[in-house]
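Just below is one structure, and these are the notes that go with it.
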Amino acid sequence: MKTCGHRLRTHTDKKLLSKVWNLTSLSSPMALQERIRVVLLACGSFNPITNMHLRMFELARDHLEDTGRYRVVKGIISPVGDGYQKKGLIEACHRIEMARLATESSSWISVDDWEGQQAEWVETVKVIRHHHAEMSSEDDLHDMVDTVKFTKKRRLDVESFSDHNRSETLQLKLLCGADVLESFSIPKLWKKEDVTEIVGRFGLVCITRGGFDAEKFVYQSDVLHKHRKNIHIVREWVTNEISATHVRRAVRRGQSVRYLLPDPVVNYIQDQQLYSAESEQKNADVILAPLQKYGSTTE
Ligand SMILES: Nc1ncnc2c1ncn2[C@@H]1O[C@H](COP(=O)(O)OP(=O)(O)OP(=O)(O)O)[C@@H](O)[C@H]1O
Ligand SMILES: NC(=O)c1ccc[n+]([C@@H]2O[C@H](COP(=O)(O)O)[C@@H](O)[C@H]2O)c1
Ligand SMILES: [Zn+2]
């Protein structure tokens, strides 16, 4: 017990020390100018949102902040619209509501329904541009500073930024799992110029996922390798194979999904009787929207 307590204290001390170090470095003008504020945007089906989707944000924030170069100020979950037409994709209103319930307990992750409300599927690069424009507007910047829970000292430090400096040190990065990164090479799924803009202009944070080799994929792609400094690969050591497909299958079979999803999401699925054999057949005979869109082009 004693050893255990001692270890815990040492770990806690280290954490505290690193926090103090961060605060001290933030209070020096040099470090303040260097730290880039980051907003993380995750696009996907979230059909339904799982604990792993939420873990992605925590892992990405720790990774970026550990570099000493970034401070993550906001996380946005953007459930895809119904026009994506993926097999088994239930209505956006339910997926958005479940994501809202899942993020109620987070101080920094929220849900944005702009993409989910669009009648037609929207390319991811356009979703990123939309959020980039939104967050770059002065009002939103000030809102963000107010809603993030800074200590008094940090708040003062942030407020001492000139507007000019602030806009130059705020970035939006796409957050995804390694399967989405590898999907960049699927013919007719992504436009080359979209991938170039995502990694070149904005940046990407990618969480490893079993069965996908993100590092190798970046190495093998000329465009990704060129922009590798803008691609942060985050290794999930506590490997976790939760997938929404697994959750839907378990619900269909009447098995428990508790502890794979936040409790309010489990309750919502039960109350609304979501995920049946019938809903899994939705879009079964339809081609995924991006493949429909780019399928006829000769890229
Ligand atoms: N276990 C996981 N590890 C790493 N990334 C994940 C994991 N689960 C989901 N993601 C990422 O979360 C984002 C949204 O994914 P999505 O909604 O497709 O979830 P999913 O669990 O893969 O669902 P489905 O099984 O329906 O494809 C994607 O970027 C995906 O790569
Ligand atoms: N060309 C593109 O912009 C493109 C292609 C395929 C998927 N996506 C996006 O990637 C995400 C993938 O989600 P899923 O992994 O749930 O299928 C969705 O948000 C989808 O809109 C974008
Ligand atoms: Zn998926």
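Counting starts at 1 for both ligands and their atoms, following the listed order.
- Counting atoms of ligand 1 from 1 in the listed order, those under 4.0 Å from a heavy atom of Asp179 are 30 (C), 31 (O).
- Using a 4.0 Å cut-off to heavy atoms of Lys86, the atoms of ligand 2 that qualify are 14 (P), 15 (O), 16 (O), 17 (O).
- Residue Lys191 has no N or O atom closer than 3.5 Å to an N or O atom of ligand 2.
- Each of the atoms 21 (O) of ligand 2 lies under 4.0 Å from some heavy atom of Val80.
- Among protein heavy atoms, the minimum distance from atom 19 (O) of ligand 2 is reached at Gly44 N, 3.2 Å.
- Residue Cys176 has at least one heavy-atom neighbour below 4.0 Å for each of these atoms of ligand 1: 29 (O).
- Listed by number with element, the atoms of ligand 2 under 4.0 Å from a non-hydrogen atom of Ser45 are 13 (O), 14 (P), 16 (O), 17 (O).
- With respect to atom 9 (C) of ligand 2, the closest heavy atom belonging to the protein is Thr124 OG1, 3.1 Å.
- Checking Asn47 against Tyr275 by side-chain atom types alone, a donor-acceptor pair falls below 3.5 Å.
- Residue-ligand proximity, Glu123 to ligand 2, at heavy-atom distances under 4.0 Å covers atoms 3 (O).
- Nearest protein heavy-atom neighbour of atom 1 (N) of ligand 2: Leu189 O, 2.9 Å.
- Residue contact check: Tyr294 has heavy atoms under 4.0 Å from atoms 1 (N) of ligand 2.
- Residue Asn240 has at least one heavy-atom neighbour below 4.0 Å for each of these atoms of ligand 1: 1 (N).
- For the side chain to side chain contact (heavy atoms under 4.5 Å, CB included) with Trp190, the qualifying choice from Ser185, Ser183, Pro290 is Ser183, the only one to do so.
- Looking at Gln292 and Gln85, their side chains do bring a donor and an acceptor atom within 3.5 Å of each other.
- Between Val125 and ligand 2, a contact under 3.5 Å exists for no N or O pair.
- Near Tyr84, meaning under 4.0 Å from one of its heavy atoms, ligand 2 places the atoms 7 (C), 12 (C), 13 (O), 14 (P), 17 (O), 20 (C).
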